[in-house]
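For reference, the structure discussed in these notes is given below.
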Amino acid sequence: MSDTLLTVRDLHTHFRTDAGTVRAVDGISFEVQRGEVLGLVGESGAGKSVAARSIMRLIDSPGVIVNGEVRFEDDLLVGVERGDDPDDEPRQDPEMLSSREIRERIRGREIAMIFQDPTESLNPVFTVGEQLSEIIGLNRDVSTAKAKAIAVERLREVGIPEAERRMDDYPHEFSGGMRQRVLIAMAFACEPSLVIADEPTTALDVTVEAQILDLVKDLAARYDTSFVWVTHDMGVVAEICDRVAVMYLGEIVEQATVDDLFHDTKHPYTEALLGSIPRPDRDVDGLSPIEGIMPEAINPPQGCRFHTRCPHAREACLQSHPDARRVDGGDKGSGDASASATASADDGPTTASTTADGTTLTEVAAAPHRAACLRNDAFAEAGYWESEPLDDAESVSESAASETGEVTETGTGSTFDPDADPLLSVRDLRKYFDASDGFLDRLRFDRDAGLLPFSVEREYVRAVDGVSFDILPGETLGLVGESGCGKSTLARTLLRLVDPTSGDIVFDGENLAELSKEELRKRRKRMQFVFQDPQASLDPRMTVGEIVEEPMQAHGLYEGNREGRARELLETVGLDADHYNRYPHQFSGGQRQRVNLARALSVDPDFIVCDEPTSALDASVQAQVLNTMKALQEEFGLTYLFISHDLSVIRHVCDRVAVMYLGELVELADKDDLFESPKHPYTRALLSSIPVPDPRVSRETVPLSGDVPSPIHPPSGCRFHTRCPSLVAPAELDLGDEEWDRVRRFVRAVQRESPDIVADDARATYFPDGLPAGDAGTTVEHALSLAADGAWRDAASLLTETFVEPSVCTSEVPALESPDELDRIVSCHHYS
């Protein structure tokens, strides 16, 4: 049997619109081997998702596959050939499977797909169990009861606690990470040979993303499943992929093993992608964004499609369109694009290799490194080195920079004075939201209350619950934490976009919490906000000039010269003054975020709150925006509160970092100190979860169990104790550190219903030196017996009563303080 599972040859998918034909996928070729993870990467608009959907024949009108072949094992999924006339309908190969055969034999059963947004992929009116059982029933010849049993097992395999009970829950009752686990369970429900994952972790926190990646690697190994992993996150690529195909404007421009792609890069576009990524494992002096923006796929550039943005472009790049050729010392003949863009199954045997983190991956040993760039020796006949640099070779960078506003790289060293008086001081700030649904929902009945058995009680979401910190002039303070921890609510409360429940917000000596709305409006020009979604925060009916001028009008500034001021600010943030009369939809995402920055700067603020300002942007555009923000800070002496769940970005732009969990700060420290030596267990878990964009760098993830608890009823004691991997041992249990570590690991495994617990060698796995002595050992013995009988909830309750509830972490609230030996503040019983 061949090792090649999927073969794609010269695939073209076009969208016919009134404006012209969009060549979304324009002649790509690749193969996927059994057990292999192939990464498909590139900026938004490169054609990644269209390519993935084309494999499954999921292209909707006006899209159409006009040419190419997709073969899954012996089945021809796509076999079309373009007609002689562009308007002719493509001719289908008679061997190509029909739509019905695709549905009945391939989708779900042999090839499954995991989409980016689990909310859109799950039907809100059916329970998770119904949806999962239906997929199994449609694709496997089993009874309804058997389908349900398989569904429960799949939910348990993907780490959903109390899987049998949660079968009856609806999608909205799951967290985002849990919904993504449900999608993975659906993908693996019928044990497919190939899974196509389209940005499955983009919207997840780093802790959840790490769990999902570990889960996928485990399931892929267990079921010998291959993957096509679509993403723009190069850290995820380094973490999970064996080979990588880089797409640009509908074409694959480089294809190599993951190690070669990162450490022997051959194409300038790949180099630019890697250079634009902030790294979590080390600080850098500046990011190198890709110049310009990706051209339209309706009229792609002649010659090399990347030459309009390439710093190495020469005259030959305008004339010759490079196909993908072998650049690793093998055969350098040109061949045709469809034949040379991928390795054949005859190139060599399949071997196993071990990555830096110890994971064994399947890798095609002789899969050649291919790139489509005239600089490589394989294209000697194209005359790249003999041709002249473009007449405006140096101005290519400059003109591209003016289009997207690349700003000179800046250093990351702190420029603020640590001894200065704070610009902003926050003390014991709280923001609660009423969680009761009307008056009747607040009524409580007590039969023993005598004449007045009814009472009214309110429930509150404790979004921000006693937060204190300072921000110094010229400083960038990073605020990090998982979704739901209160970051955005804190940001809005600081600027009085929502009123605080209690506490003080002292800005430049004045308590904003005590000001009236009129007094606050007069001072608001010194404090501005940059929101997460650049498109949603700009009025589509206003021109960019009007958007930038609006705050000036509101505060009565620059009368008689507002247009000049607006044009000047557009140039300041890296746009063109002539963009003044354009509308938001005429800009890219990164350019729209620059408009937001110009708008914020229009009233000469001192302090800007940035709430996830780059989370919706590609890495290259993100680099442009981050460099712009740093340059503006140096020029205008700005102070930032920078909120993000991307800790790589936080390390690049911030001076100090505050870590937030369930409405409270748990650690605040200098950026370098925090990244090099985190103290709070939650901070360690966050940092360990960041994928590093280098396959040679290993990382050891600190496991977190469960989800963030409800802020309506937060846990007692330390709020993190329900998920903490470093829980303090109960004082009455005589357990050594190593023995306690094993007990904690066992407790977490039971809580997530790990199959290892009911295996024959469970004792040896978790307690190789024997069970603990005394009551601890007796409890473990009993829990093992309960789990073996399927009584997971009883086993978890027993362990919680014995090992968790007696801990100081569950009974006492740790103080947020600065221990003598630490140069930071931290809230943890280990340092109390």
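Closest approach of D655 and G474 over heavy atoms only: OD2-O, 4.2 Å. Residues S425 and D470 approach most closely at OG-OD1, 3.0 Å, considering heavy atoms. In terms of heavy atoms, V467 sits closest to G663 at CG2-O, 3.4 Å. F227 approaches A197 most closely through the heavy-atom pair CD2-CB, 4.5 Å. Contact record, A51 with M247: CB-SD, 4.3 Å, taken as the closest heavy-atom pair. The two residues P678 and F675 come nearest to each other via the heavy atoms CD-O, 4.0 Å.
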Inset, instruction - Would you sort out whether E271 and K266 count as a salt bridge (Lys or Arg N to Asp or Glu O under 4.0 Å), showing the intermediate values? - result: CA-CA 8 Å; E271 293 173 356; K266 298 297 186 183; over 6 Å; no
Legend entry - side chain to side chain contact (heavy atoms under 4.5 Å, CB included) between V609 and F529, intermediate numbers included: CA-CA 5 Å; V609 175; F529 205 111; 3.8 Å; yes
Inset, instruction - Start with the C-alpha distance between T476 and Q633, add both sets of side-chain angles, then the distance that settles side chain to side chain donor-acceptor pair (under 3.5 Å), and finish with yes or no. - result: CA-CA 9 Å; T476 300; Q633 182 175 42; 2.8 Å; yes
Inset, instruction - Let me see the working for V182 and M178 under side chain to side chain contact (heavy atoms under 4.5 Å, CB included), right down to the final yes or no. - result: CA-CA 6 Å; V182 171; M178 285 297 176; 5.7 Å; no
Inset, instruction - Please lay out, stage by stage, how W229 and V216 fare under the test side chain to side chain contact (heavy atoms under 4.5 Å, CB included). - result: CA-CA 11 Å; W229 195 279; V216 166; 3.7 Å; yes
Legend entry - side chain to side chain contact (heavy atoms under 4.5 Å, CB included) between V657 and L668, worked out: CA-CA 6 Å; V657 183; L668 193 156; over 6 Å; no
Legend entry - Criterion side chain to side chain donor-acceptor pair (under 3.5 Å) on Q211 and D214, from CA distance to verdict: CA-CA 5 Å; Q211 294 169 10; D214 288 342; over 6 Å; no
Inset, instruction - Apply the test salt bridge (Lys or Arg N to Asp or Glu O under 4.0 Å) to residues R279 and D281: give CA-CA distance (whole Å), side-chain angles for both, the deciding distance (0.1 Å), then the verdict. - result: CA-CA 6 Å; R279 292 187 58 135; D281 55 337; 2.7 Å; yes
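In the model, D646 has no side-chain atom that pairs as donor or acceptor with a side-chain atom of T614 under 3.5 Å. No donor-acceptor contact under 3.5 angstrom links the side chains of E43 and H232, judged on distance only. Between the side chains of E482 and Y682, at least one donor N or O sits under 3.5 Å from an acceptor N or O. A donor-acceptor pair shorter than 3.5 Å can be found between the side chains of K679 and S677. Counting only N and O atoms by type, the side chains of H369 and Q255 include no donor and acceptor under 3.5 Å apart.
With hydrogens and angles disregarded, no donor-acceptor distance shorter than 3.5 Å links the side chain of K487 to the backbone of V480. A donor-acceptor contact shorter than 3.5 Å is absent between the side chain of K431 and the backbone of V464. Side-chain atoms of R370 do not come within 3.5 Å of backbone N or O of E254 as any donor-acceptor pair. Remark: side-chain polar atoms of R594 are paired, donor with acceptor, to backbone N or O of V573 under 3.5 angstrom. At least one donor-acceptor pair under 3.5 Å links the side chain of R305 to the backbone N or O of L249. Of the possible polar contacts, one joining the S276 side chain to the L273 backbone as a donor-acceptor pair under 3.5 Å is found. Remark: the backbone N or O of K671 is not paired with any side-chain donor or acceptor of R656 at under 3.5 angstrom. Put simply, the side chain of S818 gets close to the backbone of R824: a donor and an acceptor are under 3.5 Å apart. For the pair D670 (side chain) and D672 (backbone), a donor-acceptor distance under 3.5 Å is present. Of the possible polar contacts, none joining the H263 side chain to the D260 backbone as a donor-acceptor pair under 3.5 Å is found.
To the nearest 0.5 Å, atom SG of residue C241 and atom CD of residue E36 are 9.5 Å apart. Going from atom CG of D264 over to atom OG1 of T270 covers 11.5 Å, rounded to the nearest 0.5 Å. In this structure, CZ in R719 is found 10.0 Å from OH in Y661, a value given to the nearest 0.5 Å. Interatomic distance, CG of L472 versus CG of L477, reported as 9.0 Å (0.5 Å rounding). Taking CD1 of I114 as the reference point, atom CG of D198 lies at 10.5 Å (rounded to 0.5 Å). Note: D259 CG to R243 CZ = 14.5 Å, rounded to the nearest 0.5 Å.
With contacts defined as side-chain heavy-atom distances shorter than 4.5 Å, the pair V258/D242 does not qualify. By the 4.5 Å heavy-atom criterion applied to side chains, E199 and K48 are counted as neighbours. No side-chain heavy atom of E291 sits less than 4.5 Å from a side-chain heavy atom of Q624. With a 4.5 Å cut-off on side-chain heavy atoms, S827 and E664 do not count as touching. A 4.5 Å side-chain heavy-atom check between H830 and S726 finds at least one atom pair inside the cut-off. V653 places none of its side-chain heavy atoms less than 4.5 Å from the side chain of M629. Counting heavy atoms from C-beta outward, P814 and C828 have side chains that stay 4.5 Å or more apart. Between I471 and T639 there is a side-chain heavy-atom pair separated by less than 4.5 Å.
Within 6.0 Å of CD in E635 there are more than 12 heavy atoms belonging to other residues, nucleotides or ligands.
Note: Y269 and H267 have perpendicular aromatic rings, judged against thresholds of 30 and 60 degrees for the angle between ring planes. Note on ring orientation: taking the six-membered ring where Trp is involved, the planes of H680 and F720 are tilted (angle from 30° to 60°).
With sequence neighbours excluded, no residue forms a salt bridge (charged side-chain N to carboxylate O under 4.0 Å, His left out) with R181.
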